[in-house]
Amino acid sequence: MLLLNELQAAHERALFLPLPRDSRLRPLAGAKLPPALKDLSVELGLSEKIISRLFKRDTGLNYQQWRQQWRVFKAIEQLASEQRVTWLARGHWGIHSGIGVN
């Protein structure tokens with residue numbers, strides 16, 4: 001009963017994940033699961049520090065925060081399409097077996 005009361009009183013908020021504007025980070029726009037920062041650094045030929053600064057400037061989040069939010073949004077998207085929680089938790093959600101990995 002308490003949960004229902006809280007849900008009814010909750011304000012609806014749009015979900016939005018800002019994308020980085022810097023052209024060097026464009027490959028992430030279509031990424032299945034954004035890679036770990038060290039892997040992205042190698043892939044783009046940029047230092048981890050530069051990538052972190054670009055993300056902070058463009059999104060307000062550091063890369064790790066942004067990547068975690070991306071994963072949360074994808075999980076919500078899958079849950080909204082009526083996927084089972086256990087299916088998502090096992091990493092079978094079609095983008096990468098990435099839930100629970102670094």
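Predicted model, so just to flag it, every value in this text is computed and none were measured.
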Self-check item: Step-by-step side chain to side chain contact (heavy atoms under 4.5 Å, CB included) determination, Q68 to Q65
Solution: CA-CA 5 Å; Q68 183 63 37; Q65 292 169 325; 5.8 Å; no

Quiz prompt | Closest contact, heavy atoms only, S41 versus I51 | solution =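 Looking at all heavy atoms of both residues, the shortest contact is CA-CD1, 3.6 Å.
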
Exercise. Determine the minimum heavy-atom distance between S23 and P27, stating which atoms define it.
Key: O-CD, 4.3 Å

Quiz prompt | Linked, directly or transitively: V42 and L44 (ILVMFWY side chains, under 4.5 Å) | solution =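 No, no single cluster joins them.
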
Self-check item: Residues that E77 engages under salt bridge (Lys or Arg N to Asp or Glu O under 4.0 Å), provided they are two or more places apart
Solution: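 E77 satisfies salt bridge (Lys or Arg N to Asp or Glu O under 4.0 Å) with K74 only.
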
Quiz item: Can you name the salt bridge (Lys or Arg N to Asp or Glu O under 4.0 Å) partners of R24, sequence neighbours left out?
Solution: D22

Practice problem: Mind checking side-chain hydrogen bond (donor to acceptor under 3.5 Å, both in side chains) for R26 and listing every partner two or more places apart, or none if nothing turns up? | Solution: none

Got a second to check how far [X]'s [atom1] is from [Y]'s [atom2], nearest 0.5 Å?
X   : Y   : atom1 : atom2 : result
L25 : L19 : CG    : CG    : 10.5 Å
N62 : L54 : CG    : CG    : 12.5 Å
R53 : K56 : CZ    : NZ    : 13.0 Å
L28 : R67 : CG    : CZ    : 10.0 Å

Quiz item: Taking only residues two or more places apart in sequence, or in another chain, which ones meet S52 in a side chain to side chain contact (heavy atoms under 4.5 Å, CB included)?
Solution: L37

Quiz prompt | salt bridge (Lys or Arg N to Asp or Glu O under 4.0 Å) pairs, two or more places apart, involving residues 34-44 | solution = none

Self-check item: Residues which pass ring pair (Phe, Tyr, Trp, His ring centres under 6.0 Å) with F55, listed by chain and number, not counting sequence neighbours
Solution: Y63, W66

